Amino acid sequence: MPNWKPWTREELAVRVARDIPEGWSVNLGIGISTLIGNYIPPGREVILHSENGIVGMGPAPSPEKLNPWLVNASRQHVTLVTGASYMNHADSFGMVRGGHLDLCVLGGFQVAENGDLANWSRSENDRAPAIGGAMDLAVGAKRIWVVMEHTTKGGEKRILKRCTYPLTAKNCVKRVYTDLAVIDVTEGGFVVIDKIPGISLDQLEELGDAGLRSETGVAGRDGLR
Amino acid sequence: MPNWKPWTREELAVRVARDIPEGWSVNLGIGISTLIGNYIPPGREVILHSENGIVGMGPAPSPEKLNPWLVNASRQHVTLVTGASYMNHADSFGMVRGGHLDLCVLGGFQVAENGDLANWSRSENDRAPAIGGAMDLAVGAKRIWVVMEHTTKGGEKRILKRCTYPLTAKNCVKRVYTDLAVIDVTEGGFVVIDKIPGISLDQLEELGDAGLRSETGVAGRDGLR
Amino acid sequence: MIDKFVRSVAEAMAGIEDSSTVLVSGFAQIGEPRALVDGLIEQGARDLIVVHNTAGRGREGVARLIGEGRVRKIICSFARSRGSVLFEEIYARGDIELEIVPQGTLAERIRAGGAGIPAFFTPTGGGTLLARGKETRVIDGRECVLEQAIRGDVALVEAWRADRWGNLVYRDAGRNFNPVVAAAGDLTIVQTQNVAELGELTPEVIVTPGIYVDRVVHVPSGDPPVVIS
Amino acid sequence: MIDKFVRSVAEAMAGIEDSSTVLVSGFAQIGEPRALVDGLIEQGARDLIVVHNTAGRGREGVARLIGEGRVRKIICSFARSRGSVLFEEIYARGDIELEIVPQGTLAERIRAGGAGIPAFFTPTGGGTLLARGKETRVIDGRECVLEQAIRGDVALVEAWRADRWGNLVYRDAGRNFNPVVAAAGDLTIVQTQNVAELGELTPEVIVTPGIYVDRVVHVPSGDPPVVIS
């Protein structure tokens with residue numbers, strides 16, 4: 001058994017939130033990444049966008065302050081911060097597609113070393129998938145960070161040379177946060193910039209299907225180690 | 001000398017205004033047709049649109065009520081009526097191009113019996129013309145009425161089989177108001193539905209270069225008279 | 001006098017024909033014209049093409065319309081969502097056609113329909129399954145997909161306040177698809193929570209000018225359901 | 001703390017490079033960012049492509065920028081308008097390139113630039129001189145023209161009120177091109193008549209969300225000129 005302890009969902013959310021600089025406009029996608037909004041450090045102004053036309057989302061409301069007319073794209077009830085505004089759906093996605101968001105954090109099924117992302121469908125034969133706004137966000141935001149478990153529960157690899165699931169968008173991912181490591185996607189492939197205590201670069205690489213380099217050295221199957 | 005008296009600009013404006021039914025949304029273009037707004041019969045609700053993002057324009061203001069921030073597309077100071085609203089320029093032309101205006105009244109240089117309109121340039125060699133919003137209005141409104149003098153001051157004909165000036169849009173004109181007649185543009189060509197006292201259909205036809213029929217009979221060079 | 005108010009949902013839905021394309025606004029049950037969808041079920045038109053963000057949830061609204069076999073084709077971004085039971089059944093039987101569209105492309109196609117833009121290129125979906133069978137073109141180094149405008153024979157909208165010209169404002173996240181859908185219907189029908197006198201909605205705050213609206217019916221249905229997950 | 005206010009026009013215009021594409025909002029002198037255009041003249045960038053509804057009027061603003069030989073190309077809907085003296089002279093000498101665009105197409109191209117739509121088909125201009133040399137296609141029986149998005153390296157905007165996030169509202173017909181231009185600049189610079197505290201501009205009334213805005217400078221220049229013709 002491995003002698004390391006993966007980051008929890010909450011630890012991961014805290015870490016991602018910590019890495020978002022003040023002033024960025026950010027969409028948190030749907031699913032796990034919405035948790036991140038609750039961990040933005042107090043006093044740091046980060047402007048949260050939601051596909052359904054909200055700029056300036058705040059955290060979940062207390063029950064007595066809940067506004068039934070105010071939900072995010074995951075249909076969670078949210079609040080507004082001072083300075084917030086509403087847009088219609090076309091303008092909201094115009095903001096996304098037009099490259100006006102500094103960051104979008106998405107969940108993922110697979111990420112490839114060329115930045116390809118698969119996060120909407122596990123098979124070409126899924127004839128009725130849910131695509132939602134993932135493709136628009138993936139092509140539109142200035143940078144895409146993906147938050148996902150390093151492998152599936154069944155042990156399938158997700159950090160790959162090439163995605164095998166249908167793509168959400170090509171060459172869009174800039175960084176991956178897994179329960180084991182933080183990995184930048186660069187022109188030269190995956191670069192590990194942080195990892196949990198106790199795991200080696202080799203062990204991490206074995207859990208994926210693509211070469212990894214570390215921030216300071218060079219490692220991986222590309223023969224450059 | 002002809003024994004008829006052409007309609008004045010004001011008479012023409014009154015006539016056009018009278019023909020606009022209650023409830024229509026109307027753009028009055030720029031130039032002579034803006035005059036029409038002053039003659040909408042009192043109590044008749046017609047919603048006037050201006051390209052620069054106004055829905056619900058009213059007449060010119062009295063000097064003491066002039067708002068320097070409120071002009072129409074001809075840069076004339078205007079007022080708002082109760083129920084008015086503002087839009088941005090893209091939304092305003094989206095309203096135009098999307099077919100949401102019942103009517104646009106434009107000036108014209110030439111109108112052809114197939115509905116072609118020329119109203120922006122007198123020569124292909126005019127290398128710096130002013131097109132403004134005429135092409136958008138001509139393709140967008142549900143119907144185009146053209147207000148113009150029947151011939152130029154120099155006697156050149158303007159009611160034609162085919163336009164000789166560069167087109168504003170093809171097959172868009174539904175009706176022409178001249179200082180001599182009101183002429184519908186139909187699948188079967190020009191149909192005179194009104195004319196000034198004292199002028200015959202033949203005389204009117206001589207002042208143009210296309211066959212005319214009258215509303216009740218059939219007349220013109222098409223040999224059907 | 002212009003007065004777009006009608007007295008009942010039945011009157012609002014009168015005349016909708018079989019085979020119509022019907023745009024239904026709303027996102028996550030907020031700003032969703034539920035009374036009008038129920039009115040459409042009642043009214044009886046069939047063989048419809050429905051454009052909505054989802055294929056419906058639970059057994060109500062768009063889901064019920066589909067469940068009653070009245071929808072020939074659904075155009076949406078989420079086909080399979082929590083509780084899309086009725087759609088799943090009918091889709092498995094092959095009794096409904098499905099067109100999956102990325103949500104931003106869906107909004108933009110409806111916006112294009114309202115704004116008289118027949119087609120546009122977008123980078124969304126470039127290089128993916130959803131580009132298959134579509135015209136694509138590399139623009140500025142990115143693979144873009146040609147997408148067609150969507151226009152509705154009928155557009156169903158929920159507003160927060162409306163006046164007799166059909167000027168509309170929306171509440172909070174209830175805005176979503178509503179202004180876009182309102183502009184893209186040949187027959188735009190609005191249910192409004194509140195009625196305003198003409199002039200109460202001021203020029204700077206009106207979101208949808210009444211020019212886009214054909215009929216308005218007052219349906220004070222109250223707050224959308226609160227769902228805590 | 002996000003604070004997009006800068007202290008002077010000079011600071012607002014800092015860093016604009018030669019050969020930039022500059023979008024200038026305003027219609028008929030209303031909502032026109034005149035102080036910023038003057039600041040651009042002062043700042044010195046040249047070989048510019050300017051996108052504005054007209055080629056300028058009189059000898060001020062965009063006309064002066066052109067008159068000083070700083071504009072390589074103008075993209076506009078009205079080249080020749082009352083008093084476009086400076087443009088006429090320079091154009092006659094062949095010292096400026098002109099692209100005439102129908103006004104609605106101009107607005108839509110800028111809107112497309114801001115909204116990430118690289119190109120679109122429009123019926124405007126179909127079958128006319130302005131379609132020459134452009135890709136055309138018959139869609140639903142109408143000849144349509146393929147038009148390209150316009151995006152600015154710089155966008156110049158005038159607002160009525162602005163807060164420190166760059167949230168904007170406009171006054172009356174001063175809205176015009178402003179929200180469209182604001183969304184289409186890589187560097188969007190705003191002059192505002194009034195300053196608002198964050199929160200004074202409420203969520204329902206904000207027209208331009210601050211996400212689109214980079215710099216704001218307070219220029220209480222007062223009402224536009226009244227011209228009685």
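When reading the values below, keep in mind they use all heavy atoms of this one structure, side chains included, and skip hydrogens, waters and symmetry mates. Treat the numbers as computed from the prediction; the structure is a model and nothing was measured. Chain naming here is simple, since letters A, B, ... match the order of the sequence lines and numbering starts at 1 in each.
Contact annotation for A:Thr168: only backbone heavy atoms (N, CA, C, O) come within less than 4.5 Å of a heavy atom of chain C. Of the two parts of C:Tyr170, neither the backbone nor the side chain holds a non-hydrogen atom closer than 4.5 Å to a non-hydrogen atom of chain A. Residue C:Val207 does not touch chain A at all, counting heavy-atom pairs closer than 4.5 Å. Neither the backbone nor the side chain of A:Ala138 comes within less than 4.5 Å of any heavy atom of chain C. Heavy atoms closer than 4.5 Å to chain A are found in the side chain of C:Arg111, but not in its backbone. Within the 4.5 angstrom heavy-atom criterion, atoms from both the backbone and the side chain of A:Val71 approach chain C. For C:Arg109, no part sits under 4.5 Å from any heavy atom of chain A, backbone or side chain. If you measure heavy-atom distances from A:Asn72 to chain C, the contacts under 4.5 Å come from the backbone alone. Interface remark: A:Leu80 contributes no atoms to any contact with chain C (heavy atom separation under 4.5 Å). Heavy atoms of C:Ser25 lying under 4.5 Å from chain A are absent altogether. Only the side chain of C:Tyr91 comes within contact range of chain A, with at least one heavy atom under 4.5 Å from a heavy atom of that chain.
The cationic group of A:Arg122 lies under 6.0 Å from the six-membered ring centre of A:Phe109 and within 45° of the ring axis, placing it in a cation-pi geometry.
Ring orientation note: the planes of A:Trp24 and A:Trp145 are tilted relative to one another, at an angle of 30° to 60°.
A:Asn119 and A:Tyr165 form no side-chain donor-acceptor contact under 3.5 Å, judged by distance and modelled atom types alone. A:Asp184 and A:Thr186 share no side-chain donor-acceptor pair at under 3.5 Å.
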